[in-house]
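To start, the structure itself, in structure tokens.
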Amino acid sequence: MMRIDIITLFPEMCEAFLGSSIIGRARKDNKIEINCHQLREFSDNKWGRVDDTPYGGGMGLVIRAEPLARCCDHVISLFPKKPHIIYFSPKGRVFSQRIAGELKDTHENLLFVCGHYEGVDQRFLDKYVDEEISIGDYVLTGGEIAAVAVADAVARLCPGVLSSDECFQDESHYCGLLEYPQYSKPSVWEGMKVPDVLMSGHHERVDRWRRDQALIITKKRRPDMFSKIIPDKSDLKSVGYLWEKSEK
């Protein structure tokens, strides 16, 4: 069973999300284990302070290496073997569905470290952290949003978290395509009708339509992703014009 631990100044933020919905149910059913640890509990002063001013001057505060190391050592001692330690930073490699799968397949235990303020002491990163990850080219006030996003993306790939693998195999990015459109009842809403093929009961035609729509949407919205797709014969027969246009 995958285990994810999160070191944070705001465990309530992480628990509010990871204790709810699908991930919350999976935790209760012991499909995945997620634990949050309050960094302030490892402070060396009565105020629970874990930060200080940066050497060299500058705005903001930096989380000190000492409380981080104490907390990290404590959490590591709880694992059967050393976890893969990730620090969330705008300087890290940009997270993707591929990386989510890589983390799930390669590591049984993950330890996330959430920074805050102006970051953390570099010496802690050099000694403890295995890699830095970013969830995009922007800056957040802390690592908690990144931590819950990555935890969610990894957790839902773990066995038993979703009802079946099919729940994520057709989704955007999993197989290199954006997802096809989805519809539900009623069949007509505000004058807009559900495509006939989806109500035909013909599974082969439905699968073809969904594949075609995924290709069309990916080409329109993410041409960078579309350029990596190698079409098969059925793709070329059904929507071959997508590649003809891309070559002009």
To the nearest 0.5 Å, tell me how far [X] [atom1] sits from [Y] [atom2].
X      : Y      : atom1 : atom2 : result
Ser227 : Arg222 : OG    : CZ    : 10.0 Å
Lys237 : Arg208 : NZ    : CZ    : 10.0 Å
Ser43  : Arg64  : OG    : CZ    : 7.0 Å
Arg210 : Asp212 : CZ    : CG    : 12.5 Å

Mind checking ring pair (Phe, Tyr, Trp, His ring centres under 6.0 Å) for His202 and listing every partner two or more places apart, or none if nothing turns up? none

Tell me every residue that passes ring pair (Phe, Tyr, Trp, His ring centres under 6.0 Å) with His37, counting only those two or more places apart in sequence or in another chain. none

Among residues two or more places apart or on two chains, list those pairs meeting side-chain hydrogen bond (donor to acceptor under 3.5 Å, both in side chains) that have a residue in residues 12-21. Glu15-Arg27

Quick one: which residue pairs count as a side-chain hydrogen bond (donor to acceptor under 3.5 Å, both in side chains) with a foot in residues 72-81, not counting sequence neighbours? Asp73-Tyr128

Is the shortest heavy-atom distance from the side chain of [X] to the side chain of [Y] under 4.5 Å?
X      : Y      : result
Phe42  : Leu68  : no
Leu9   : Ile63  : yes
Tyr87  : Leu111 : no
Ile76  : Ile85  : yes
Ser134 : Arg93  : no
Leu162 : Leu157 : no
Ile133 : Leu103 : yes
Val75  : Cys72  : no

Among side-chain atoms of Glu108 and His84, is any donor-acceptor pair under 3.5 angstrom? no

Could you walk me through whether Ile34 and Asp5 pass the side-chain contact (heavy atoms from CB on, under 4.5 Å) test, one step at a time? CA-CA 6 Å; Ile34 302 177; Asp5 283 53; over 6 Å; no

If the condition is side chain to side chain donor-acceptor pair (under 3.5 Å), which residues does [X] pass it with, not counting sequence neighbours?
X      : result
Glu132 : Ser89
Thr218 : none
Lys185 : none
Asp207 : none

side-chain contact (heavy atoms from CB on, under 4.5 Å) for Lys219 and Ile229? Distances and angles first, verdict last. CA-CA 10 Å; Lys219 164 123 183 179; Ile229 296 169; over 6 Å; no

Residue pair [X] / [Y]: nearest heavy atoms and the distance that separates them:
X      : Y      : answer
Pro67  : Leu39  : O-CD1, 3.6 Å
Ala100 : Val154 : O-CG2, 3.9 Å
Ala214 : Leu178 : CB-O, 3.2 Å
Val148 : Cys14  : CG1-CA, 3.7 Å
Ala155 : Ile32  : CB-CD1, 3.3 Å
Phe88  : Val150 : CE2-CG2, 3.6 Å

Count the heavy atoms of every other residue, nucleotide or ligand shown that sit under 6.0 Å from [atom1] of [X], and state whether that count exceeds 12.
X      : atom1 : value
Arg49  : CZ    : yes
Gln182 : CD    : yes
Met59  : CE    : no
Ile145 : CD1   : no
Lys220 : NZ    : no
Tyr138 : OH    : yes

Using the rule that Ile, Leu, Val, Met, Phe, Trp and Tyr join whenever any side-chain heavy atoms are under 4.5 Å apart, tell me whether [X] and [Y] fall into a single cluster.
X      : Y      : value
Phe226 : Leu236 : yes
Met13  : Val50  : yes
Ile23  : Met1   : no
Leu177 : Tyr241 : yes
Leu110 : Ile99  : yes

What side-chain donor-acceptor pairs closer than 3.5 Å can you find for residues 112-124, not counting sequence neighbours?
from   : atom 1 : to     : atom 2 : distance (Å)
His116 : ND1    : Thr141 : O      : 3.2
Tyr117 : OH     : Arg40  : NH2    : 3.4
Asp121 : OD1    : Arg123 : N      : 2.8
Asp121 : OD1    : Arg123 : NE     : 3.0
Asp121 : OD2    : Arg123 : NE     : 3.4
Asp121 : OD2    : Arg123 : NH2    : 2.7
Gln122 : NE2    : Asp126 : OD1    : 2.8

Donor-acceptor pair, distance only, cut-off 3.5 Å: does the side chain of Lys193 make one with the backbone of Ser187? no

Quick one: hydrophobic cluster around Trp209, which other residues, with the 4.5 Å side-chain cut-off, linked directly or via members? Tyr183, Val194, Val197, Leu198, Met199, Val206

Taking 4.0 angstrom as the limit, do Glu102 and Arg98 come out as a salt bridge? yes

Output yes when Lys82 and Asp130 qualify as a salt bridge under the 4.0 Å nitrogen-oxygen rule, no when they do not. yes

Residues pairing under salt bridge (charged side-chain N to carboxylate O under 4.0 Å, His left out) where one sits in residues 28-38, two or more places apart or in two chains, turn out to be Arg3-Glu33

Applying salt bridge (Lys or Arg N to Asp or Glu O under 4.0 Å), name anything that partners Arg211, two or more places apart in sequence or on another chain. Asp235

Apply side-chain contact (heavy atoms from CB on, under 4.5 Å) to residues Leu18 and Ile6 and explain how you reach the verdict. CA-CA 11 Å; Leu18 297 171; Ile6 303 172; 3.7 Å; yes

